[in-house]
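Treat the numbers as computed from the prediction; the structure is a model and nothing was measured.
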Amino acid sequence: MKKINNYIKLGLFFNGIWLISNAFNLLPSFIEGLCCGVGLTLILIGMYAQNHDISKLRTYKKRLLKKVFHF
């Protein structure tokens, strides 16, 4: 069995927040939908990352963050 990567862990976290919020009506429906969508997207990216090379995505994210936080 393969190790669960960080994308899947974060996706499960967001989906857990969505499930708890949906059961107890803690967050507005827009935030609930956002948590659900982000969680599913991260899980799918994590599943893709287990079998494919995503180094291009990592370098793109690093360059984007450098542009955003470079003053």
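- Identified under the side-chain hydrogen bond (donor to acceptor under 3.5 Å, both in side chains) test for residues 36-45, with sequence neighbours left out: none.
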Tell me which donor-acceptor pairs under 3.5 Å the side chains of residues 54-62 have, and how far apart each pair is, sequence neighbours excluded?
unit_1: S55; atom_1: OG; unit_2: D53; atom_2: OD2; d: 3.1
unit_1: T59; atom_1: OG1; unit_2: S55; atom_2: O; d: 3.3
unit_1: T59; atom_1: OG1; unit_2: K56; atom_2: O; d: 2.9
unit_1: K61; atom_1: NZ; unit_2: Y7; atom_2: OH; d: 2.8

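- Minimum interatomic distance between I8 and Q50 (heavy atoms only, all atoms of both residues): CD1-NE2, 3.7 Å.
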Extract all donor-acceptor atom pairs below 3.5 Å that involve side chains of residues 10-32 and protein atoms in other chains or at least two apart in sequence.
unit_1: S21; atom_1: OG; unit_2: L27; atom_2: N; d: 3.1
unit_1: S21; atom_1: OG; unit_2: E32; atom_2: OE2; d: 2.9

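- Applying the ring pair (Phe, Tyr, Trp, His ring centres under 6.0 Å) test to residues at least two apart or on different chains, the pairs with a partner in residues 35-55 are Y48-H52.
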